[in-house]
2 protein chains.
Amino acid sequence: MSEEISDVSNCNNHSTKKRKLNVEQGTNDVALDLSSQQEETSIHLKSHLNLSAIKFVRILNDLPQSKSVFIEGLYNEEKVVVIFEKTPFSEELVKQILKTTDNSLQQHFHNDVYGNYTTFPNPELNGVKTTIIHPATEKHIEKYSAQQSCIIEESAEDYNNITLPYIQSKQFSIDWVYNILEHKSETERIVFEDPDPVTGFILLPDLKWNGEQLSDLYLVAICHKRDIKSLRDLNGQHLPLLKNIKEKGKKAIIDKYNINASKLRIYVHYQPSYYHFHVHFTALYDAPGCRVERAHLLDSIIDNIELVDDYYQKCRLSFIVRTNDDLFDKYEEAKDR
Amino acid sequence: MSEEISDVSNCNNHSTKKRKLNVEQGTNDVALDLSSQQEETSIHLKSHLNLSAIKFVRILNDLPQSKSVFIEGLYNEEKVVVIFEKTPFSEELVKQILKTTDNSLQQHFHNDVYGNYTTFPNPELNGVKTTIIHPATEKHIEKYSAQQSCIIEESAEDYNNITLPYIQSKQFSIDWVYNILEHKSETERIVFEDPDPVTGFILLPDLKWNGEQLSDLYLVAICHKRDIKSLRDLNGQHLPLLKNIKEKGKKAIIDKYNINASKLRIYVHYQPSYYHFHVHFTALYDAPGCRVERAHLLDSIIDNIELVDDYYQKCRLSFIVRTNDDLFDKYEEAKDR
């Protein structure tokens, strides 16, 4: 489920930032000082769309944990996707809700010191972030629809017979990675570089992170070596690389962001989203892709290889695929054989 | 961060269920048929508390991902904890918001087919789940305050010198586990039992799951053997137990809930929340404790032991502790020595 969330947040990266801005500068300001609403309205244009003119067709996806919902609708006979997402609280918003909500507290139960209620804040204190895609194509509909996922248990044999030929046939472009390594792009974003061609790497903030607050700190170390596709290729000869990334990556982050090493989760994805070896460094928050079926702690990887040199050429690796992913089809075809 | 969420959801398990009820039966009904609001009000008593009489003191914790916030306040000179949590959408709610929201769409930006807005639904369509603890003790304040966590890298030596003595000194009561195994309680909740004293186990829904929808399916297999404290105790002699739990647990869940095996995540926690060996079976949702630093896939555990009989007596295991946890103190003390 959070795969979808992360996907959506990636796609809507700029709108997420925009949302934060709205909550901090928009809705709250309206709430705090109604006289400034005129000004707000002149900055934020009134929409040419009318929500009530959109005909509900169906729910495409519902993410109760993040309190968001993806809807297919019709507007003037054209398809439209509407995304509602409830917004986080802020201190100012909370103060206003406490101040202005008096008689609307609805009690559901009360037991000893614990009471459960529903509060109905004024609408301007409780805006809902709304994204409208209009006209929406079938691609949009598919992108925002709930995706079925399943776990694949990949044996060493499966890797060689199914996954590896798939990766090779796809020849995913990773020019953007080479651009970083060759200092052709994102040079100003580099936090640290060890230029050694064998054990070296470039460390930079992940695109999912705005590089500011530590709560969702997220950096990536991309190695200079170009022949390691993924975890499956690692063996004893890569121990110096792995240990170097761990130690120097950690040190660079501690130095720059002034945090404690015990606040860092250092891990590798399998399957990765691109087949050039890289390591994730995140704060201990619920980062996208930190669940057990995708993330492998760098410490465990080092341990496993020290214990058994060709551990990752032998072991089973479980990973999640979406059922509309080509790799899922390859595994289904293999089953039928 | 979601550690705190999961903790709160555990603590408020009954109130979470209550919330679902509210959204499904309460707020929505009010929304759909305003004439029934009288009835609702008579079922849900008006509160004796008044939000506006609560004086804001400070934010204890803020969980933007789940759109919830924990507040310390003062009510009649007494401490009070207020928890606001935005509620998920439902199909009926979405239909009502689309129908009734017309002129209040505030546009933030518009680019090609993408538009970003804030919508201000009618208050009765956008209630906020509110929990009030009054009077609140210091324990309550602490429980709902943001908790610092950190990762501990536990070597085999650390386990023997720090973690194991800690576990033994605490002598956590697991009578409730023995009550289940001895059929003294929760017998009606048992989904499957293999009574074998060496390889057998009892499978039942986890308390976090209401046992209904598959989206957050969560069952636990508790083994009959009483001498396995955790992952650290497992070795080659336990392979028949592990494989039995995997195969029979999976089959029982597939038979009863009619789902595909590839929709199941099967894993073990380290540290566990109680020191009697048990295995988690969840759907592929963002279950509490499924992140890489706490969850270990049963498949990988079996693989590792098959590869190296005493793998779990040798390897490093990383886990997260809260800085107010006794175990954290033990590790801090050990550092100082």
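We use all heavy atoms of the structure for the numbers below, so side chains are in, but hydrogens, waters and symmetry mates are not. Throughout, protein chains are lettered first and strands after them, A, B, ... in sequence-line order, and every chain is numbered starting at 1.
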Could you tell me whether the side chain of B:Lys67 and the main chain of A:Lys67 form a donor-acceptor pair under 3.5 Å?
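Side chain of B:Lys67 to backbone of A:Lys67: no pair is present.
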So, does A:Asn126 use its side chain to make a donor-acceptor pair with the main chain of B:Asn126 at under 3.5 Å?
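Such a contact is found between A:Asn126 side chain and B:Asn126 backbone.
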Spacing of [X] atom [atom1] and [Y] atom [atom2] [to the nearest 0.5 Å]:
{"X": "A:Phe84", "Y": "B:Leu93", "atom1": "CZ", "atom2": "CG", "value": "9.5 Å"}
{"X": "B:Asp62", "Y": "A:Ser90", "atom1": "CG", "atom2": "OG", "value": "8.5 Å"}
{"X": "A:Leu105", "Y": "B:Ile54", "atom1": "CG", "atom2": "CD1", "value": "8.0 Å"}
{"X": "A:Leu51", "Y": "B:Thr100", "atom1": "CG", "atom2": "OG1", "value": "9.0 Å"}
{"X": "B:Tyr331", "Y": "A:Ser262", "atom1": "OH", "atom2": "OG", "value": "13.5 Å"}
{"X": "B:Thr118", "Y": "A:Glu85", "atom1": "OG1", "atom2": "CD", "value": "11.0 Å"}

Please flag which part of [X] lies under 4.5 Å from any non-hydrogen atom of chain B: side chain, backbone, both or neither.
{"X": "A:Ile152", "value": "neither"}
{"X": "A:Val308", "value": "side chain"}
{"X": "A:Leu297", "value": "both"}
{"X": "A:His140", "value": "side chain"}

Work out which heavy atom in [X] is nearest to a heavy atom in [Y]; give both atom names and the distance.
{"X": "A:Phe120", "Y": "B:Glu124", "answer": "CD2-CA, 3.8 Å"}
{"X": "B:Leu284", "Y": "A:Ser149", "answer": "CD1-O, 3.8 Å"}
{"X": "A:Tyr114", "Y": "B:Ile133", "answer": "CD2-CG1, 3.6 Å"}
{"X": "A:Gln65", "Y": "B:Asp286", "answer": "NE2-O, 3.6 Å"}

Non-hydrogen side-chain atoms of [X] and [Y] separated by less than 4.5 Å:
{"X": "A:Val128", "Y": "B:Tyr117", "value": "no"}
{"X": "B:Val113", "Y": "A:His134", "value": "no"}
{"X": "B:Leu307", "Y": "A:Lys314", "value": "yes"}
{"X": "B:Arg265", "Y": "A:Val292", "value": "yes"}
{"X": "A:Pro123", "Y": "B:Pro123", "value": "yes"}
{"X": "B:Arg316", "Y": "A:Ile302", "value": "yes"}
{"X": "A:Ile59", "Y": "B:Phe89", "value": "no"}

Shorter than 4.5 Å, heavy atoms on both sides: which option in B:Leu317, B:Thr119, B:Asp112 has the most such pairs with chain A?
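Maximum pair count with chain A is reached by B:Thr119.
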Would you mind checking which part of B:Glu153 comes under 4.5 Å of any heavy atom in chain A, side chain (CB onward), backbone (N, CA, C, O), both or neither?
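Contact with chain A is through the side chain of B:Glu153 alone.
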Please classify the contact of B:Leu264 with chain A as side chain, backbone, both or neither, using a heavy-atom distance under 4.5 Å.
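Only the backbone of B:Leu264 comes within 4.5 Å of chain A.
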Do the charged groups of B:Glu293 and A:Arg291 touch, with an N to O distance under 4.0 Å?
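Judged by the 4.0 Å cut-off on N to carboxylate O distance, B:Glu293 and A:Arg291 do not form a salt bridge.
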Salt bridge flag under 4.0 Å for residues A:Glu91 and B:Arg58:
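No salt bridge links A:Glu91 with B:Arg58.
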Just by distance, no angles: are the side chains of A:Lys86 and B:Thr87 close enough, under 3.5 Å, to form a donor-acceptor pair?
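Indeed, the side chains of A:Lys86 and B:Thr87 share at least one donor-acceptor pair under 3.5 Å.
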Between A:Asp303 and B:Tyr311, is any side-chain donor less than 3.5 angstrom from a side-chain acceptor?
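No, because no side-chain N or O of A:Asp303 sits under 3.5 Å from a partner of the opposite role on B:Tyr311.
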Flag yes if more than 12 heavy atoms outside A:Lys263 fall under 6.0 Å of its NZ atom; otherwise flag no.
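Atom NZ in A:Lys263 is packed in, count exceeds 12.
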Atom NZ of B:Lys250 with >12 non-hydrogen neighbours under 6.0 angstrom:
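Enclosed.
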What residue, out of A:Ala295, A:Ser318, A:Gly115, A:Ala136, has the most heavy-atom pairs lying under 4.5 Å from chain B?
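Highest number of pairs under 4.5 Å: A:Gly115.
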Among A:Asn122, A:Asn304, A:Asn260, single out the residue with the greatest number of heavy-atom pairs under 4.5 Å to chain B.
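Option with the top pair count is A:Asn304.
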Among A:Ile132, A:Ile83, A:Thr131, which residue meets the side chain to side chain contact (heavy atoms under 4.5 Å, CB included) test with B:Asn116?
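The single option meeting the side chain to side chain contact (heavy atoms under 4.5 Å, CB included) with B:Asn116 is A:Thr131.
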